Amino acid sequence: MRRYRFLIFLWTLLLLTGCSATPEEEPCRYELMAMDTIMSLTIFGKPAQEAQDILQQAAGQIQDLDALLSVTDEGSEIYRLNHSDGAPVQLLERTHELLEEALELCKTTEGALDITIYPVVRTWGFTTGEYRVPEEAELSALLEKVDYTQVILDEENLTLPEGMELDLGAVTKGWTGDQLIALFQEAGVTSAIVELGGNVQALGTKPDGSPWRVALQAPEGGYAGALEIVDKAVITSGGYQRYFEQDGETYCHIIDPSTGYPSQAGLASVTIVSDRGVQGDGLSTALFVMGREKAETYWRTHPDFDFILLGEDGTVTITEGLEDSFTLYGDWENHPLEVIRK
Ligand code: AMP
Ligand code: MG
């Protein structure tokens, strides 16, 4: 682990900050590795030195959140919670905010998102990379410890019943994106784009006033489509993002909390387009677990976001809010596309 961290540190140093020296319209870009992924932050419209300072602050913010929310880092607040043996733990204000949001998403998705899934995720090897297919009995025993409704969050403390463990991996990057956009806004930036390992969050428009164009990854590699956005988060959960194969079966990192097995709901990916990253991130994971029909029902009752579902059968389903801004691309141009309307 220590060696791994050192390599990440070196990698972070090697990645670039790029700012042009003069024109204010030029982008200033910063790349780093954090939360197990490559991140890229780009802001426009600020003089080079000021832009670099803002990006340094943003990178510091990412590293702070990573250290706070990592499930494996022994110094993190989540690690402390996961080793609290049933005792209440006083939370930092921002962890409290995130947990409040995450628990609310667990509730509205009726447990398709369940942040107490960690014992199951670990058993499949998704945190360590030591993958294995557990026995059914082992999974049923672990599922006894998976139930977000038993997490007690009061004004200051979180109490986790003994044996239960949290994993915020499904919401952390979206939440981090929201914090970065807020930081940019406070610094007076009006045009920025952050890419946190496949998640894209945009502030405002491009400097010329036109929308950002975001590519949608195809499960088999390459691109399936493109989306134009202004001031939105575009967050994707896909079975192809992390998985392992054994005896001809593919097991992905998104677990159905009702079975303990990797979700097999017929979707290759779910992309959520929303105002806030934390919502998009939580919902992309949850709707992947729900599958197409339930995802549609969820959207009808909570219509404050849009989605793009890529089915394992090659079908594409989008909600009506994206009709004018989403186009299929390349090999995907001829795939069947359905628009869901209210
Ligand atoms: P994402 O890539 O945002 O879909 O998040 C997937 C990550 O969240 C996994 O790597 C696990 O750490 C965790 N996870 C997997 N399944 C669930 C679930 N049903 N609810 C909450 N977290 C999950
Ligand atoms: Mg997610």
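All figures in this text were calculated on a predicted structure; none of them were measured in a lab. Atoms within each ligand, like the ligands themselves, are counted from 1 in listed order.
- For the atom pair CD of Gln279 and CG of Asp178, the computed distance is 9.5 Å after rounding to the nearest 0.5 Å.
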Exercise for review: Could you go through the side-chain hydrogen bond (donor to acceptor under 3.5 Å, both in side chains) check for Gln56 and Asp53 one step at a time?
Suggested key: CA-CA 5 Å; Gln56 288 286 354; Asp53 291 347; over 6 Å; no
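- In this structure, atom 8 (O) of ligand 1 lies nearest to the protein heavy atom Ala170 N, 3.3 Å.
- At a heavy-atom cutoff of 4.0 Å, ligand 1 is contacted by both the backbone and the side chain of Ile254.
- In the model, Thr42 has no side-chain atom that pairs as donor or acceptor with a side-chain atom of Tyr30 under 3.5 Å.
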Exercise for review: Mind running salt bridge (Lys or Arg N to Asp or Glu O under 4.0 Å) on Lys206 and Glu228 for me, showing each step along the way?
Suggested key: CA-CA 11 Å; Lys206 290 206 281 195; Glu228 295 199 328; over 6 Å; no
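- Vertex the Mg ion (ligand 2), arms ending at O of Asp281 and O of Ala170: the angle is 90° after rounding to 10 degrees.
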Exercise for review: Start with the C-alpha gap between Glu220 and Trp332, add the side-chain angles, then the distance that decides, and say whether side-chain hydrogen bond (donor to acceptor under 3.5 Å, both in side chains) holds.
Suggested key: CA-CA 11 Å; Glu220 70 279 9; Trp332 279 72; 2.8 Å; yes
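- Between Lys145 and Glu162 there is no salt bridge, since none of the side-chain N atoms of the basic residue sits less than 4.0 Å from a carboxylate O of the acidic one.
- For ligand 1, none of its N or O atoms has an N or O atom of Ser284 under 3.5 Å away.
- Residue contacts to the Mg ion (ligand 2): Ser237 brings no N, O or S atom closer than 2.8 Å.
- Expressed to the nearest 0.5 Å, how far NE2 of His302 lies from OG1 of Thr109 amounts to 9.0 Å.
- A donor-acceptor pair under 3.5 Å links the side-chain atoms of Gln241 to the main chain of Gly238, judged by distance alone.
- Against a heavy-atom cut-off of under 4.0 Å, Ile117 is close to the following atoms of ligand 1: 14 (N), 17 (C), 21 (C), 22 (N), 23 (C).
- The side chain to side chain contact (heavy atoms under 4.5 Å, CB included) test with Leu158 is passed by exactly one of Thr95, Val151, Ile152: Val151.
- Ranking the protein heavy atoms by distance from atom 21 (C) of ligand 1 puts Asp114 O, 3.2 Å first.
- Using a 4.0 angstrom heavy-atom cutoff, Ala112 counts as in contact with ligand 1.
- Among the backbone and side-chain atoms of Ala286, none of the N, O or S atoms lies under 2.8 Å from the Mg ion (ligand 2).
- In the vicinity of Leu113, heavy-atom distances shorter than 4.0 Å reach the ligand 1 atoms 20 (N), 21 (C).
- The shortest N or O to N or O distance between Val121 and ligand 1 is not under 3.5 Å.
- In this structure, Arg292 pairs ionically with Glu338, as a charged nitrogen and a carboxylate oxygen lie closer than 4.0 Å.
- Considering both main-chain and side-chain atoms, Ile255 comes within under 3.5 Å of ligand 1 through a nitrogen or oxygen pair.
- Looking at atom 1 (P) of ligand 1, its nearest protein heavy atom turns out to be Thr285 OG1, 3.3 Å.
- Taking a 4.0 Å cut-off on heavy atoms, Lys173 fails to register as neighbouring ligand 1.
- Of all atoms in ligand 1, listed by their number and element, those nearer than 4.0 Å to a heavy atom of Pro257 are 19 (N).
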Practice item. Show your reasoning for whether salt bridge (Lys or Arg N to Asp or Glu O under 4.0 Å) applies to Arg122 and Glu165. Key: CA-CA 10 Å; Arg122 184 181 43 211; Glu165 291 174 278; 2.7 Å; yes
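- Less than 4.0 angstrom separates some heavy atom of Ser237 from each of these atoms of ligand 1: 1 (P), 3 (O), 4 (O).
- Among all protein heavy atoms, the one lying closest to atom 15 (C) of ligand 1 is His253 O, 3.3 Å.
- Looking from atom 13 (C) of ligand 1 to the surrounding protein, the closest heavy atom is Asp167 OD2, 3.5 Å.
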